[in-house]
Protein chains: 2
Amino acid sequence: MKKRIFIDMDEVMADAYWAVVHRYESQFQVTIDRSLIYEKKLWELIPDDHYDIAFSFLQEPGFFRNLKVIKGAQDVIKQLHKKHEVFIASAAMQFPNSLQEKSEWLDEHFSFISWQNRILCGHKYILRGDVLIDDSSHNLESFEGEQKLLFSSPHNNNVQEFTRVNNWDEVATLLL
Amino acid sequence: MKKRIFIDMDEVMADAYWAVVHRYESQFQVTIDRSLIYEKKLWELIPDDHYDIAFSFLQEPGFFRNLKVIKGAQDVIKQLHKKHEVFIASAAMQFPNSLQEKSEWLDEHFSFISWQNRILCGHKYILRGDVLIDDSSHNLESFEGEQKLLFSSPHNNNVQEFTRVNNWDEVATLLL
């Protein structure tokens, strides 16, 4: 059966998390303990007075435009797009300077997803469809579709409530 | 009962239609017949070889940033926001250069609508909610909510299928 699938961008298609980690480590000449990164939130691993600085990385021109594509995303999303109805749904409105960058990033890496199938929003409970693939348990909780897939990211390592997909191969197994 | 209401931007909150007409008239030093504007699509009233030029106005830097607010929109949307759950839903993804401009325009004129309640999308049938206020019959047709309100614009003057609202006072009468 053809499903309507919504796919989050950051941490699912685009590697924003490790981009922040590397940017932070470069700026402060430190190495964040890799064993702790899967135990705690990134914000718990840096000094309080570094929080605003790390957050500001997300607002730097080019940050979202230059993110790496998460491994397997292009191939599997292309196959999902052929079999199902695929929408990209990114909570990008928080960072207005990212809007055009995200659009250009999709043009470069996911040109087969037309503008009609790209959604920049805040809340995701307003989406009407069958599947949401997201790294945020908050977004999955409020989504009213039948299938909620938690895409693994260091920050959600302890979340138990949802069907977890560790990589795009596992998404393929479930949906293709 | 609290309703989830989606409100389109162009022709409903922001006066894009007359901005194009005035921009066109200024460029070509002509006056489009006002009696015909309510009978035909704008594109039927200009020579074929002007179509691309008129369309390109929408891609000019500043076009969306400088649109006038449609009369009554601010007051009524502020009241709707207090009583209901209001989302702005604009099919802005067609014009990536408009994304930031639309965000800034909302910041200026509708700052009480937070980023979480702003949606830039293509198709609107992916929206889950009760009411859609839109000038496009195409968007209203595919919306699955219970109430579809056609906001009057010269280009939809002949559409009969939906409950028509001619201005924001009429929206207030129906929803407040």
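Quick note on labels: first sequence line is chain A, next is B, and so on, each numbered from 1.
Among all heavy-atom pairs drawn from A:W115 and B:Q94, the shortest one is CE3-N, 3.3 Å. The shortest heavy-atom contact between A:R128 and B:L127 is NE-O, 3.4 Å.
Taken from CZ in A:R118 to CG in B:L120, the straight-line distance is 13.0 Å, to the nearest 0.5 Å. With rounding to the nearest 0.5 Å, the separation of NE2 in A:H123 from CD in B:E85 is 7.0 Å.
For A:Y125, the parts sitting under 4.5 Å from any heavy atom of chain B are the backbone and the side chain alike. Looking at A:E144, both its backbone and its side chain come within 4.5 Å of chain B, counting heavy atoms on both sides.
Under a hydrophobic-cluster definition in which Ile, Leu, Val, Met, Phe, Trp and Tyr are linked whenever side-chain heavy atoms come within less than 4.5 Å, directly or via other members, A:V76 and A:L132 are assigned to different clusters. Note on A:F162 and A:V165: separate hydrophobic clusters, where clusters join Ile, Leu, Val, Met, Phe, Trp and Tyr whose side-chain heavy atoms are under 4.5 Å apart, directly or indirectly. Clustering ILVMFWY residues whenever any of their side-chain heavy atoms sit less than 4.5 angstrom apart, transitively, puts B:I70 in a cluster other than the one holding B:F87.
Residue A:N158 qualifies as enclosed at atom CG: its count of foreign heavy atoms under 6.0 Å is above 12. With a 6.0 Å radius and a threshold of 12 heavy atoms from other residues, nucleotides or ligands, A:H22 has its NE2 atom above the threshold. Crowding of B:D48 atom CG: a count of heavy atoms from other residues, nucleotides or ligands under 6.0 Å not exceeding 12.
Of the residues considered (A:L99, A:I119, A:N97, A:I126), A:I126 shows the highest number of contacts with chain B, using heavy-atom pairs under 4.5 Å. Residue with the most contacts toward chain B among A:K102, A:E104, A:Q100: A:Q100 (heavy-atom pairs, distance under 4.5 Å).
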